[in-house]
Amino acid sequence: MGVGMQIACLGFTGSAAVEAEAGAQLVRLERFRAWIEGCHLAIESRTATDGARRYDVRLDLVMRDATRRPLPPCVGADVDDALRRAFAQAERALLTWQAGAATVALRDAATGDAMQ
């Protein structure tokens, strides 16, 4: 099974195009399915004082142990761009966590701690 995603749109009605872009971006995280169960995506539309619309995209990763790892929001005038940046940020975070776990495993193997 792949990585699941829940989407919440706040302040605007979601569209098939927004869902399609989110789904396309989710594919980036599929290679981390051993680490993550899914993600919660919140897209909030806000109107600035000058009348311009801004999108606040927040992505929480749901890890295999059921903990949630919220990532900093990505904000912008273009919802697709903000979505792409949010998923790119998630991909970088997962790569960092994965590298850290690999470093710990190598250190434990080198010191014999993995055997205990």
First locate atom [atom1] of [X], then atom [atom2] of [Y], and finally report the distance between them rounded to the nearest 0.5 Å.
| X | Y | atom1 | atom2 | value |
| --- | --- | --- | --- | --- |
| C39 | L61 | SG | CG | 6.5 Å |
| R68 | E37 | CZ | CD | 13.0 Å |
| F32 | Q98 | CZ | CD | 5.5 Å |
| R46 | R54 | CZ | CZ | 10.5 Å |
| R33 | L94 | CZ | CG | 13.0 Å |

How close do [X] and [Y] get, counting heavy atoms only, and between which atoms?
| X | Y | answer |
| --- | --- | --- |
| V3 | E30 | N-OE2, 3.1 Å |
| A86 | V57 | CB-CG1, 3.7 Å |
| V75 | R85 | O-NH2, 2.8 Å |
| A82 | G76 | CB-N, 4.4 Å |
| Q89 | L71 | NE2-CB, 3.6 Å |

Hey, any chance L95 and L59 share a hydrophobic cluster, counting ILVMFWY side chains that come within less than 4.5 Å of each other, even indirectly?
->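 Yes, L95 connects to L59 through the hydrophobic network.
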
Among the clusters formed by ILVMFWY side chains lying less than 4.5 Å apart, do L26 and V62 turn up in the same one?
->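 Different clusters.
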
Could you give me the CA-CA distance, side-chain angles and deciding distance for E19 and I7, then say whether side-chain contact (heavy atoms from CB on, under 4.5 Å) is met?
-> CA-CA 8 Å; E19 286 189 28; I7 303 173; 4.2 Å; yes

Identify, with sequence neighbours excluded, every residue that meets side-chain contact (heavy atoms from CB on, under 4.5 Å) alongside L10.
->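 L10: side-chain contact (heavy atoms from CB on, under 4.5 Å) contacts with E44, R58.
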
Flag the pair R84 / E21 as yes when at least one side-chain heavy-atom distance between them is below 4.5 Å, and no otherwise.
->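 R84 vs E21: side chains touch.
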
Worked verdict on R53 versus T47 for side chain to side chain donor-acceptor pair (under 3.5 Å) | CA-CA 5 Å; R53 182 171 281 204; T47 304; 4.9 Å; no

Examine distances only and state if a side-chain atom of T67 and a backbone atom of M63 form a donor-acceptor pair shorter than 3.5 Å.
->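 No; judged by distance alone, with no hydrogens or angles, the pair does not exist.
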
Excluding sequence neighbours, so at least two apart, what forms ring pair (Phe, Tyr, Trp, His ring centres under 6.0 Å) with F87?
->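 F87: no ring pair (Phe, Tyr, Trp, His ring centres under 6.0 Å) contacts found.
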
Checking side chain to side chain donor-acceptor pair (under 3.5 Å) for the pair Q25/R28: CA distance, chi angles, key distance, verdict?
-> CA-CA 6 Å; Q25 293 303 315; R28 298 170 82 154; 2.9 Å; yes

Determine, step by step, whether V18 and I43 satisfy the side-chain contact (heavy atoms from CB on, under 4.5 Å) criterion, reporting the C-alpha distance in whole Å, the side-chain angles of both residues, the deciding distance to 0.1 Å, and the verdict.
-> CA-CA 10 Å; V18 168; I43 307 166; 3.6 Å; yes

Is D60 salt-bridged to R69, going by a charged N under 4.0 Å from an acidic O?
->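 No, D60 and R69 are not salt-bridged.
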
Test L41 against L83 for side-chain contact (heavy atoms from CB on, under 4.5 Å), laying out the working first.
-> CA-CA 9 Å; L41 175 65; L83 279 168; 3.7 Å; yes

